[in-house]
Amino acid sequence: MTIRSTTTDPRAAVLLADAHALGLTEISSIDVADLVFVAGGSDRIELESLLVDPLLQTGDWTVPTTAAIETTLLPGVTDASAQAVHLAAETIGSPVSAVATGTRYEVHGAVDALTMSVLAKRLLANPVIERWSLGSIEPSFIDAEATADSGVELVDIEDLDDDALEALNRERGLSLDLAELHAIAAHFRSIGRHPTDVELETLAQTWSEHCAHKTFRARITADDGQAIAPLLQQLHAATDAIAAPFLRSAFVGNAGIISFSPGTTIALKAETHNHPSAIEPFGGSNTGVGGVIRDVMGAAHRPIAVTDILCFGPTDLAAADLPDGVLHPRLIEAGVVAGVADYGNKIGLPTVAGAVLYDPGYIANPLVYCGCIGIADETPPTSGPHAGDLVVVLGGRTGRDGLRGATFSSATMDATTGDVAGASVQIGDPITEKLLIDVLREAGGMFTAITDCGAGGLSSAIGEMAEAVGADVDLALAPLKYPGLRPWEIWLSEAQERMVVAVAESEWLRLHELCARHGVEATALGSFTGDGVLHVRHGDVTVLQLDTHFLHDGRPQREMHAVLPSPNRNVGEPPECNDVATTLLALLSHPNIASKESVIRRYDHEILGSTVVRPLIGSHRDGHADGVVIADPADTHGMAIGIGVNPWYGELDPERMAHAVVDEAIRNVVAVGADPANVALLDNFSWGDPRRPSTLGDLAAAVRGCCEASVAHGAPFVSGKDSLNNEYLGTDGTRHSVPPTLVITAVAHVPDVSVVVTPDLKRAGDVVVQVGTTACEFGGSHFAKVHGQAFEATVPAPDPDAPMRYRRLHQALRSGRVVACHDLSEGGLAVALSEMAIAGRLGLSIDTLPGPDPISALFSESSARFVCEIAPGDVDWLVEQLGEPVTVLGTVSAEPTVALPEMRPVALHALITAFGVGS
Amino acid sequence: MSRPVALVLAAAGTNRDHDVAFALDLAGAESRIILLSDLIERPALLDGAQIVVIAGGFSYADALGAGRMFALQLEHRVGDVLQSFVASSRPVIGICNGFQVLTRMGLLPGALGHNESGHFQCQWVKLDAPISNCIWTTGISAIDCPIAHGEGRYTHPDPGALTAAGQVALRYGGVNPNGSADAIAGVCDPTGVVLGLMPHPENHVIARQFPGFTSGARGEIGLALFEQGVRYAKER
């Protein structure tokens, strides 16, 4: 059946704009219709009443003959609509035997077959999950007749020479290095047998960069011969040194755990889903959100908020500048944003904090960071698994989706990645995960251990849970989406929305009944044994039998070489700027500074009723907040979330960058009213290939900066993740690496949510003051980006006074006498003041600038600074509170103009237009 | 009757059930979140209830159109008891996805199509409550609350007739965010006891949930709507 909207389908306009952006301007319009294919005897009139709403749609069973592009999902890709048709047909008592869905695009204008195929390939059908045809497409009904395959292959690895090992490595996509392959060969020589394919794949996954963090655990030697402590060890040491009283658990399990109030704990985690988002943006970001939410569930916490930080290439990139095999940044952005929105909105969590960055360095490698925060009643940590507990998998079924995701994400991408890695990507199912949240909400006490199925699937989840006790599982018991999976595919599948729990036999019935009530599948696959051996069977056939000690500790520690960066830290002369107004407008309209409202409005940030400071604030709710604040509606306290990220500093001085972004994340939460004595941090590194010594040197410098800043602020890292190898090998042999991109997430306690502070100007007649000091620090600044001329500059230095300043500012904010507060970041003071004016729709008359010179004062990005709005009579009070001088910059005015020294006054509406919001 | 029992129906994908339960409790009801599967098993649960709420969310992932699968299940499994609940003049409210369900079931007129923008939108709106039959908006003139939906464009062949019949309970004041006919945000059945609306008054039941709170402003609180429903259930 072809289903059409009776009014203009809103998808049509979006598609037309995307087609024109691809240069296909000969297309005049695209009509969209939905296709449903049904097999099996059923009453067509009844079915039509299910599929078509006569007020909105028309339905037609005849196959259309006009020219069109039709798409349908590839076999094995989850088709939720088709599943719904099955359920609906059953409900009305006329079941169908097979259903598939698709989409039909009728293209108008002077289009030829070539245009049609470009349109299909570049816009309408993603070959990773869909196929297309010109004219009618045949549906992909899943072949339920395929037979199960319990085949296990033995791999002769013990006697291979280095060349053959490398060949095996490539052929199976193992992403291991030679030393690791040798260790595996030696192990199997010592036990006198060949590994099975299941064992080899399990080792590759467990030892992947993604799961084992080989670089962060490596022994590193610097170019001067000095040993650098393993990076992870440095971060742990910083957290240990701080010994924060609110810390419950750092760097173990799925998420960091803290507590800001008696009886309640908070779990926090951020992840990346970069490689999948590059080749299938919607599915990649969609499952990225789903995955990090499961991390929090796997830490036995109930998710309450989601964050996302997105890095794309310039969306106005010329088609000619796009490397082969790479999706256009505009399409990547549209898909990624839709994927984040789809998962967060449907699972029912507010997507509250985030950032969107644009840089040519992300053209081939977009970055997608997804974070999640959860809460739980403070209870003793789960004690298991115990010997005798059942191994139970909850949630979605296992399919061939997401195979080898862990190893895929640890490799460099090239023009063929999209074709060969298709199986690594999939579409999420937020409803199933929502049901899992509901089940776990009621399942307290029914399990002794829990973890999520992420990268590596059951292999990773059961492998990690069984590390201390061992387990015996039968893969033939795993519920499958469709038959025909080989044992290694079941074991390694990264099918989404699955959790593994350890369940005492006495609780199993209760848990099973609870799951049944919620419509969640729960299956016991075996039990934890206590013998320290991981034993995996398919029926009676042993497919894997590994010593858990070798699996988890048998990997040789990596030896790596680093060349540390030697950045320019000379404070140069302040740059020339002849036209301050034009520079300011250029900064406000720069994609990195301009309004992100069009993205933020796609996300539900209201659900749960807990959002107190929203990502969009001010009189017209279109200014950007520094941090956001969430609080349970029944509580008087809450937490703030802030983000720090700056790849442009990272390219010049990774150590100062790390310091600056830690400071920025903390500044953001302090500015909204959080207590700087109660801040926990997450680190997420996205980097290039660390086997290049300079890249590793940059990483080591950034980790050093993180540790210094963390200790200086007394804000411990509680969890983190590294995504390395964010590189793309072009067909011309050029390597494209991302700029060093460290995302810091700060989660902080807000002791009183009735005195939160936002950046929008509130009252004409108030004064605005700058807190903190400015130096001539333009390295990596956005002023340098829009200035167009190179000049000597340094990345902003850490300010040793920052921790004391934040503590004192916090006390001042708690009084309620500071009515607006904004942190200074990209674009410096001039941009910050403009943002405050735009958000409050009030003018500013600035007559005094701090040192060292007017251009630095306006545009330098020195760290640890804020602008505060206070009543004129409160200046002395604020100075006393802060214990340091402030600069009284000028006054808030009702006249819609912003006047700065060195600049002709600019009308507020000009600033608003540049920033890109409605008046 | 001290606290009328409000059943909050939740299907797979319902996600604002806890939000509306919080609002109902605050408004003086005793809320109980009931899974659709529980209701199908025990339709008599409705006998002990004075209010029925179909909460917001993405039931069945909006497959086949928002609210379609939830409506189908209700109609085919518990249609009779639900009809008699409505016939006994006990108040029913469907919010967002719940509104979509009620129109699909034919308990409310019209249909909800894709937003004019073609995508999901989350923003605060000001709602005007015109004089109507609706018992949920008695004495209420305006409500500030958010919308959060992708399929909220109200469609009806004759909105003028609906207005004349006193069935338009809520309209978007100012900006019409999704292209709804006659800026209609909520409609009731002819008797006024069944209300469906796209916006989320349950997300504005305490003062600090209002965005203007950070500037010291107070909005028209959504709690009032639930208080009216509870009052009606008590007095009925």
Portion of [X] that has a non-hydrogen atom of chain A nearer than 4.5 angstrom:
X	answer
B:Thr14	backbone
B:Asp38	side chain
B:Asn15	both
B:Leu35	side chain
B:Leu112	backbone

[X] versus chain B, the contacting section by heavy-atom distance below 4.5 Å:
X	answer
A:Ala341	neither
A:Ile347	backbone
A:Leu87	both
A:Val52	backbone
A:Thr758	side chain
A:Arg601	both
A:Thr351	neither
A:Leu56	side chain
A:Ile607	both
A:Val85	both

statement: Listed by number, the residues in residues 206-221 of chain B that come under 4.5 Å of chain A (heavy atom to heavy atom) are B:Ile206, B:Arg208, B:Gln209, B:Phe210, B:Pro211, B:Phe213, B:Thr214, B:Ser215
message: With a strict 4.5 Å heavy-atom criterion, list every residue of residues 149-159 of chain B that contacts chain A, or say none.
response: B:Arg153, B:Thr155, B:Pro157
Salt bridge or not between [X] and [Y]? Use side-chain N to carboxylate O under 4.0 Å.
X	Y	value
A:Asp34	A:Arg11	yes
A:Asp760	A:Lys762	yes
A:Arg4	A:Asp9	no

